[in-house]
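Scope of the values below: all heavy atoms of this structure, side chains included, with no hydrogens, waters or symmetry mates.
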Amino acid sequence: MDYLFAPPAQASVAIVGSAQRFPVHRIYCVGRNYEEHAKEMGHSGREPPFFFMKPADAVLHAEAGQTVAMPYPTLTSNLHHEIELVVAIGTDGIFGYAVGLDMTRRDLQNDMKKQGRPWCIGKGFDASAPIGPITPVAQADDVANAGIYLQVNGQDRQRSHVSQLIWNIAETIEQLSQAWTLQPGDLIFTGTPAGVGAVVRGDTLVGGIDGLGTLSVRVE
């Protein structure tokens, strides 16, 4: 095919125990999917799930054992961390799981909320989706009951269990697939527990999920 200019490189994520890489198609995110986080954001109860998206090239991939540099984004003075379990969709359903961060320009997101406008500028900016290697299902532990945490400069910020999801993994996929046709390469960020907060340049974020390793990000 004769393109006007060279197509951009395919966004991809490493796979634990494989030389192959996982090509990213779309990034779906679930909002307010832990009860305590919903409360800290001013909501409560088991509300119907809602979704937003990030562009595929928002992926900021960290290899195993690597601390990846994330540039502090423009237009914000209130960059927040949100640690999340990521579900990777393959050709036959769920391929695997990873540790991810839904980084958020909270001030811009809040402005959009007040105006009733989309959150894209607060959620879908460059490098807003740091992610570690994908662990295939067969190699993952009991993800549905795994502990999930985030530390900033060695201090706990977020700590919970995946079992505290309001809408579990299967329910999230069921709801999501009613609105979009899920395809191989899709990533689903399943929501964040309570404890979200701001980070600044020089901070190191280390997040983990039992059985899936850790994700390390330095804000620069």
Side-chain angles (χ1 to χ4, degrees), residues 6-31 33 51-76 79-91 94-106 108-109 118-137 140 143 148 150 169 172-173 176 180-192 196 199 203-209 212-220:
Q10 170 68 55
S12 66
V13 181
I15 300 170
V16 173
S18 175
Q20 294 182 312
R21 295 184 68 85
F22 183 91
V24 179
H25 177 242
R26 291 176 179 167
I27 301 175
Y28 299 99
C29 304
V30 189
N33 203 22
F51 306 97
F52 58 91
M53 298 175 71
K54 294 175 182 274
D57 62 2
V59 158
L60 177 63
H61 178 251
E63 301 286 344
Q66 172 193 18
T67 297
V68 68
M70 176 189 174
Y72 195 95
T74 60
L75 302 178
T76 186
L79 176 67
H80 276 211
H81 58 75
E82 299 189 10
I83 189 69
E84 310 208 2
L85 168 69
V86 182
V87 177
I89 301 298
T91 54
I94 298 175
F95 170 77
Y97 306 97
V99 182
L101 280 164
D102 167 19
M103 300 301 292
T104 302
R105 294 194 279 205
R106 190 72 74 200
L108 301 185
Q109 182 196 27
W119 296 1
C120 304
I121 196 168
K123 288 287 193 176
F125 53 93
D126 297 346
S128 61
I131 185 172
I134 296 169
T135 300
V137 169
V143 172
I148 180 172
L150 179 79
I169 295 167
T172 294
I173 290 174
L176 187 60
W180 291 275
T181 301
L182 292 179
Q183 299 183 46
D186 288 343
L187 298 175
I188 304 170
F189 282 62
T190 57
T192 194
V196 300
V199 292
D203 283 348
T204 298
L205 291 65
V206 178
I209 297 173
L212 303 181
T214 59
L215 167 65
S216 181
V217 177
R218 182 174 176 82
V219 182
E220 297 187 344

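The shortest side-chain heavy-atom distance between Ile169 and Leu85 falls under the 4.5 Å cut-off. Inter-residue side-chain proximity for Leu79 and Tyr72 is flagged as met; some heavy-atom pair is nearer than 4.5 Å. Between Val196 and Arg106, some side-chain heavy-atom pair lies under the 4.5 Å cut-off. Residues Leu187 and Arg26 form no side-chain contact, since every pair of their non-hydrogen atoms from C-beta on lies 4.5 Å or further apart. Proximity of Leu212 to Ile134: side-chain heavy atoms (C-beta onward) are nowhere separated by under 4.5 Å. Residues Met103 and Val199 form a side-chain contact, since some pair of their non-hydrogen atoms from C-beta on lies under 4.5 Å apart. Ile131 is not listed as a side-chain neighbour of Val99, based on a closest heavy-atom distance of 4.5 Å or more. Considering only heavy atoms from C-beta on, Val206 stays 4.5 Å or farther from Leu150 through its side chain.
At distances below 3.5 Å, at least one donor-acceptor pair connects side-chain atoms of Thr192 with backbone N or O atoms of Ile83. Gln109 contributes no side-chain N or O that, together with a main-chain N or O of Trp119, makes up a donor-acceptor pair within less than 3.5 Å. Distance alone, capped at 3.5 Å, is enough to place a donor-acceptor pair between the Asp186 side chain and the Gln183 backbone. With hydrogens and angles ignored, the 3.5 Å screen pairs no side-chain donor or acceptor of Glu63 with any backbone N or O of Pro133. Side chain of Thr104 to main chain of Asp102: a donor-acceptor pair is present (N/O by atom type, distance under 3.5 Å, no hydrogens or angles). At distances below 3.5 Å, at least one donor-acceptor pair connects side-chain atoms of His61 with backbone N or O atoms of Ala14.
Taking the side chain to side chain contact (heavy atoms under 4.5 Å, CB included) definition, one finds that Ser128 meets it with Lys54, Ala58, Phe125, sequence neighbours left out. Arg218 meets the side chain to side chain contact (heavy atoms under 4.5 Å, CB included) test with Thr67, Thr204, Glu220; sequence neighbours excluded. Not a single side chain to side chain donor-acceptor pair (under 3.5 Å) links Thr172 to another residue, sequence neighbours left out.
Contact between Ala129 and Ile27 at its shortest, heavy atoms only, is CB-CD1, 4.2 Å. Across every non-hydrogen atom of Ser216 and Ala62, the tightest pair is O-CB, 4.4 Å. The two residues Pro130 and Val217 have their closest heavy-atom pair at CB-CG2, 3.8 Å. Across every non-hydrogen atom of Gly191 and Asn33, the tightest pair is CA-CB, 4.1 Å.
How far CG of Leu182 is from CG of Leu176: 4.5 Å, rounded to the nearest 0.5 Å. Rounded to the nearest 0.5 Å, atoms CD1 (Ile173) and OH (Tyr28) are 12.0 Å apart. Rounded to the nearest 0.5 angstrom, Asp57 CG and Asp126 CG are separated by 7.0 Å. If you take CD1 on Ile148 and CD1 on Ile209, they are separated by 4.0 Å, rounding to the nearest 0.5 Å. Rounding to the nearest 0.5 Å gives a distance of 4.0 Å between CZ of Phe52 and SG of Cys29. Taken to the nearest 0.5 Å, the CE atom of Met70 stands 9.0 Å off from the CG atom of Leu205.
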Could you go through Thr190 and Val87, starting from their C-alpha distance and side-chain angles, then the distance that decides it, and tell me whether this counts as side-chain contact (heavy atoms from CB on, under 4.5 Å)? CA-CA 7 Å; Thr190 57; Val87 177; 3.8 Å; yes

Decide yes or no on side-chain contact (heavy atoms from CB on, under 4.5 Å) for Phe95 and Ile89, but give the supporting numbers first.
CA-CA 5 Å; Phe95 170 77; Ile89 301 298; over 6 Å; no

*asked:* Walk me through whether Val137 and Tyr97 qualify under side-chain contact (heavy atoms from CB on, under 4.5 Å).
replied: CA-CA 7 Å; Val137 169; Tyr97 306 97; 3.9 Å; yes

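Ring orientation note: the planes of Trp180 and Phe51 are nearly perpendicular, at an angle over 60° on the 30°/60° scale.
In summary, the side chains of Arg105 and Thr76 do not present any donor paired with an acceptor at a separation below 3.5 Å, with no hydrogens or angles considered.
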